[in-house]
Amino acid sequence: MGIYVVMSRLTQEGRRTLKSRPERSKEVNMELSKMGVKVVQQYALLGKYDFLNILEAPDNETVVKVMANLGSRGTVETMTMAAIPIDEFLEALK
């Protein structure tokens with residue numbers, strides 16, 4: 001499984017949804033699970049981004065599909081990065 005870091009910002013519509021239905025964040029996590037992505041960790045942030053999520057997914061294509069699905073809803077804008085465990089990174093340098 002690959003590891004992915006997703007930083008997201010709520011749109012105006014997303015902020016309204018969060019205010020009226022805070023439980024929606026957990027519902028989205030369940031939807032991601034059904035699409036083949038596991039939310040490993042989730043943080044609310046102060047600053048330029050509103051949330052940081054650590055995901056596990058089988059491949060880049062699955063993540064692209066999930067992020068396109070989320071983005072098409074109009075409630076969140078995301079920046080997604082693949083992450084390599086440091087030991088794997090160091091091994092690849094040998």
Side-chain angles (χ1 to χ4, degrees):
M1 291 289 258
I3 304 292
Y4 299 85
V5 176
V6 180
M7 298 180 72
S8 59
R9 282 184 277 208
L10 295 170
T11 64
Q12 186 173 354
E13 183 178 339
R15 287 187 293 276
R16 281 192 297 267
T17 299
L18 182 64
K19 183 176 180 183
S20 66
R21 295 190 55 229
E23 69 279 1
R24 182 68 185 130
S25 294
K26 295 291 186 173
E27 292 169 2
V28 171
N29 292 350
M30 290 187 285
E31 291 174 24
L32 295 180
S33 179
K34 291 177 184 174
M35 290 187 262
V37 173
K38 178 183 177 186
V39 178
V40 176
Q41 197 66 262
Q42 189 171 42
Y43 300 94
L45 302 174
L46 301 175
K48 184 176 179 178
Y49 291 92
D50 298 310
F51 298 100
L52 179 137
N53 294 284
I54 309 297
L55 309 177
E56 282 184 350
D59 51 49
N60 291 341
E61 292 78 12
T62 300
V63 175
V64 167
K65 179 181 171 184
V66 168
M67 292 302 114
N69 182 297
L70 289 178
S72 71
R73 299 174 185 192
T75 56
V76 69
E77 297 174 348
T78 63
M79 179 177 68
T80 306
M81 300 168 278
I84 303 168
I86 194 67
D87 290 337
E88 290 179 26
F89 173 73
L90 295 174
E91 186 63 30
L93 293 177
K94 293 181 180 177

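We number each residue from 1, following the sequence as shown.
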*Would Arg24 and Glu27 satisfy salt bridge (Lys or Arg N to Asp or Glu O under 4.0 Å), going step by step from the backbone distance to the final call?*
CA-CA 5 Å; Arg24 182 68 185 130; Glu27 292 169 2; 3.3 Å; yes
Do the side chain of [X] and the main chain of [Y] share a donor and acceptor less than 3.5 angstrom apart?
| X | Y | result |
| --- | --- | --- |
| Arg9 | Glu77 | no |
| Tyr4 | Asn60 | yes |
| Thr11 | Gly74 | yes |

[atom2] on [Y] to [atom1] on [X], rounded to 0.5 Å:
| X | Y | atom1 | atom2 | result |
| --- | --- | --- | --- | --- |
| Gln42 | Leu52 | CD | CG | 9.0 Å |
| Leu18 | Glu23 | CG | CD | 9.5 Å |
| Asp59 | Met1 | CG | CE | 9.0 Å |
| Leu32 | Thr62 | CG | OG1 | 12.0 Å |
| Met7 | Asn53 | CE | CG | 10.0 Å |
| Glu31 | Arg73 | CD | CZ | 4.5 Å |

*Neighbour count >12 (heavy atoms, 6.0 Å) for atom CG, Leu46*: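 Not more than 12 within 6.0 Å, no.
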For a 4.5 angstrom cut-off between non-hydrogen side-chain atoms, does [X] reach [Y]?
| X | Y | value |
| --- | --- | --- |
| Arg16 | Gln12 | yes |
| Met67 | Leu70 | yes |
| Glu61 | Val64 | no |
| Ile3 | Glu56 | yes |
| Val39 | Val28 | no |

_Passing candidate, side chain to side chain contact (heavy atoms under 4.5 Å, CB included) with Phe51, options Thr78, Leu10, Leu45_ =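 Going through Thr78, Leu10, Leu45 one by one, the side chain to side chain contact (heavy atoms under 4.5 Å, CB included) with Phe51 is satisfied by Leu10 alone.
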*asked:* Between Lys94 and Glu91, is the salt bridge (Lys or Arg N to Asp or Glu O under 4.0 Å) condition met? List the steps.
replied: CA-CA 5 Å; Lys94 293 181 180 177; Glu91 186 63 30; 3.4 Å; yes
Is there a path of hydrophobic side-chain contacts, each under 4.5 Å between heavy atoms of I/L/V/M/F/W/Y residues, joining [Y] to [X]?
| X | Y | answer |
| --- | --- | --- |
| Val40 | Met81 | yes |
| Ile84 | Leu90 | yes |
| Met30 | Leu55 | no |

*Please report the shortest heavy-atom distance between Gly36 and Pro58, naming the atom on each side.*
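Shortest heavy-atom contact: O-CD, 3.3 Å.
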